[in-house]
Enquirer: 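Before I ask anything, let me first share the structure, which is written out below as structure tokens.
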2 protein chains.
Amino acid sequence: MPRYVAIKQSICDAVRDGRLNPGDRVPSEAELVQQFDVSRMTANRALRELQAAGVVVRRAGSGSFIAEPKPIGQMIEIRNIAEEIRERGHAYRARVIQNREERANVETAPLLEVSVGTKLFHSIIVHHEAEFPIQIEERFVLASIAPDYGTLDFTRMTPNEYLTRIAPLERVEHRVCSTMPDERMRGMLGLSDGEPVLQMTRRTWSRSRLVSHAWLTHPGTRFELSAAFSIDD
Amino acid sequence: MPRYVAIKQSICDAVRDGRLNPGDRVPSEAELVQQFDVSRMTANRALRELQAAGVVVRRAGSGSFIAEPKPIGQMIEIRNIAEEIRERGHAYRARVIQNREERANVETAPLLEVSVGTKLFHSIIVHHEAEFPIQIEERFVLASIAPDYGTLDFTRMTPNEYLTRIAPLERVEHRVCSTMPDERMRGMLGLSDGEPVLQMTRRTWSRSRLVSHAWLTHPGTRFELSAAFSIDD
DNA sequence: GTTCATAAGTCGTCTATACAACTTCGCCGA
DNA sequence: TCGGCGAAGTTGTATAGACGACTTATGAAC
């Protein structure tokens with residue numbers, strides 16, 4: 001294995017293990033030169049590529065630091081819905097329908113790819129934008145990765161915000177489809193008859209495991225999902 | 001400007017101008033050393049970063065070449081719907097409803113951010129998966145970028161396929177929402193009453209211009225949009 | 001105490017060189 | 001004609017050294 005890759009992996013491993021957290025200082029190029037007995041150019045390449053990957057941020061004269069939770073993926077923004085709403089200048093409010101610990105059954109176990117009986121949390125939250133329900137979030141979380149998930153107050157911090165804080169995001173998968181809501185959904189979202197919903201299934205991986213499965217349901221007429229991608233020089 | 005950036009830009013410019021096309025050979029590191037009077041490490045960095053950006057592919061022993069149209073964006077796959085259907089093992093068929101040249105009017109001009117009167121093509125195509133309509137594609141294309149768009153046979157090559165061939169994709173923007181179809185849509189997609197659709201608005205840029213605006217409408221129950229993103233070491 | 005100059009630490013870039021691995025192609029011999 | 005060998009070209013990686021720009025802390029001068 002190339003030596004610059006070994007350096008990158010050692011730092012990525014430290015992030016995955018929690019030995020390095022967002023904001024923490026990463027060894028400087030000079031220190032890596034000593035630790036790994038490489039030339040400075042090799043240490044430089046390792047850190048430079050980690051910066052390109054968004055793992056660290058570097059400031060000339062200051063040092064290299066683990067990047068904040070996630071500048072987000074490249075496209076579909078994994079942003080905090082609370083922030084998003086506040087940026088639009090509206091009040092944000094959350095109503096927690098439920099948040100309890102469960103054992104995975106034959107229906108829920110496949111969602112997180114675990115065996116039946118595994119402990120997990122099951123939360124349902126309705127997010128409001130200025131009194132109007134804008135998203136229903138039904139989420140399953142691996143209990144082992146977030147043991148105190150059941151005690152959190154999601155009116156103060158969204159599950160997304162909490163999870164990106166305690167578990168470094170490694171991979172995200174989205175599926176989007178358009179359906180008609182069932183009666184319960186319709187009630188929670190305050191929809192009139194015949195209004196469709198946009199349903200997004202979001203799965204997130206951390207520390208090499210699938211840790212969360214969420215259904216995010218929006219009123220089709222009150223929500224747009226936006227994504228952009230561009231190449232640069 | 002750093003010298004490796006100057007090299008990258010010169011190559012990116014050549015791609016944008018059409019002087020370099022997919023598959024074309026890019027000057028080797030040794031040639032760049034002579035052309036730009038830099039050290040090989042500097043030329044190497046320029047080409048290496050272009051490879052990371054997906055602009056070129058490099059093969060040890062062989063050379064560096066402009067990458068194929070697009071390995072796709074990073075997430076939402078800009079894939080050929082025909083390929084996608086065939087990969088699922090079904091027959092693909094397209095029905096061209098219209099394909100004509102128009103002048104931009106007050107409604108269509110803003111879509112491509114051009115002034116009223118600009119020549120553009122307006123095509124409507126229904127894509128079928130094994131007899132079932134799976135997508136309606138209504139698209140506006142800047143005529144100046146694709147002068148022969150009006151003469152193409154879209155039952156043999158999709159607009160997407162054609163456009164990515166003649167114009168290097170620089171930026172893509174997606175917006176997704178869920179709505180109820182109007183009567184005409186419902187007919188074309190063969191939907192029963194009360195079935196919602198997933199409507200995606202896709203805008204693509206090439207050579208620094210917005211060149212295409214497309215509405216892609218899918219039956220909500222017969223389509224899923226999928227996207228994934230992951231960081232690697 | 002405040003302000004300013006200086007020094008140390010750090011990253012950003014660039015050079016010159018070296019060796020290894022791989023690809024391609026031509027040449028030579030069987 | 002076919003096969004194999006080797007040379008030339010190309011990329012991948014690594015080293016040692018250099019200079020510049022920026023940040024931070026230290027300490028001196030006011």
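On a predicted model such as this, the values are computed, not experimentally measured, just so you know. In what follows, chains carry the letters A, B, and so on, assigned in the order in which the sequence lines appear, proteins first and then strands, with residues in each chain numbered from 1.
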Enquirer: Calculate the interatomic distance between A:L32 atom CG and C:dG9 atom C1'; express it in whole Å.
Expert: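 Whole-Å distance recorded here is 15 Å.
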Enquirer: Can you measure B:E29 atom CD to C:dT17 atom C1' for me and round it to whole angstrom units?
Expert: 14 Å
Enquirer: Check for a donor-acceptor pair, side chain of A:Q34 on one end and backbone N or O of A:E31 on the other, with a separation under 3.5 Å.
Expert: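 Here the side-chain-to-backbone pair does not exist.
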Enquirer: Measure CZ/B:R59 against P/C:dT23 and give the value in whole Å, please.
Expert: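 After rounding, the gap between these two atoms is 9 Å.
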Enquirer: Could you name each residue pair satisfying salt bridge (charged side-chain N to carboxylate O under 4.0 Å, His left out) that touches residues 45-60 of chain A, not counting sequence neighbours?
Expert: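 Those involving residues 45-60 of chain A are A:K8-A:E49, A:E29-A:R58, A:R45-A:E49, A:R48-B:E49, A:E49-B:R48.
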Enquirer: On the nucleotide D:dT13, are OP1 or OP2 found under 4.0 Å from the side-chain N or O atoms that A:R45 carries?
Expert: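 The answer is yes; a side-chain N or O of A:R45 sits under 4.0 Å from OP1 or OP2.
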Enquirer: Need to verify one output field. Residue with the more 5' nearest nucleotide on DNA chain D, A:D37 or B:G63?
Expert: B:G63
Enquirer: With respect to the phosphate group of C:dT15, does any side-chain polar atom (N or O) of B:S39 fall under 4.0 Å of OP1 or OP2?
Expert: yes
Enquirer: Report the distance from atom CZ of B:R25 to atom P of C:dT24, rounded to the nearest whole Å.
Expert: 11 Å
Enquirer: From CG of A:L47 over to P of C:dT13, roughly how many Å is that when rounded to an integer?
Expert: 13 Å
Enquirer: Counting only distance, no hydrogens or angles, is the base of D:dG12 paired donor-acceptor with the side chain of B:R40 under 3.5 Å?
Expert: yes
Enquirer: Rounded to whole angstrom units, what separation is found between the CD atom of B:E31 and the C1' atom of D:dT11?
Expert: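 B:E31 atom CD is separated from D:dT11 atom C1' by 13 Å.
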Enquirer: Please state whether the phosphate of C:dT15, meaning OP1 or OP2, lies under 4.0 angstrom from any side-chain nitrogen or oxygen of B:T42.
Expert: yes
Enquirer: Rounded to the Å, how far apart are B:R3 CZ and D:dC19 P?
Expert: 17 Å
Enquirer: Using the side-chain heavy atoms of B:M41, tell me which of these nucleotides is nearest: C:dG12, D:dT13, D:dA16.
Expert: D:dT13
Enquirer: Verify, without hydrogens or angle tests, whether B:R3 (side chain) and B:F36 (backbone) share a donor-acceptor contact under 3.5 angstrom.
Expert: yes
Enquirer: Counting only side-chain nitrogens and oxygens, does B:S62 get under 4.0 Å of the OP1 or OP2 atom of D:dG9?
Expert: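 False: B:S62 side-chain N/O out of range (4.0 Å or more) of D:dG9 OP1/OP2.
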Enquirer: Have a look at B:F154 and tell me which of B:Y149, B:Y92, B:F121 forms a ring-ring contact (aromatic ring centres under 6.0 Å, His included) with it.
Expert: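 Among the candidates, only B:Y149 passes.
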Enquirer: Examine D:dG12: is either OP1 or OP2 under 4.0 Å from a nitrogen or oxygen in the side chain of B:R58? Give yes or no.
Expert: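 Answer is yes, contact under 4.0 Å.
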Enquirer: Whole Å only: how far is the CG atom of B:N44 from the C1' atom of C:dT17?
Expert: 14 Å
Enquirer: So does B:A6 get a backbone contact from the side chain of B:Q9, meaning a donor-acceptor N/O pair under 3.5 Å?
Expert: no
Enquirer: Give a yes/no on whether any side-chain N or O of B:Y4 is located under 4.0 angstrom from OP1 or OP2 of C:dC14.
Expert: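 Negative; the distance criterion is not met.
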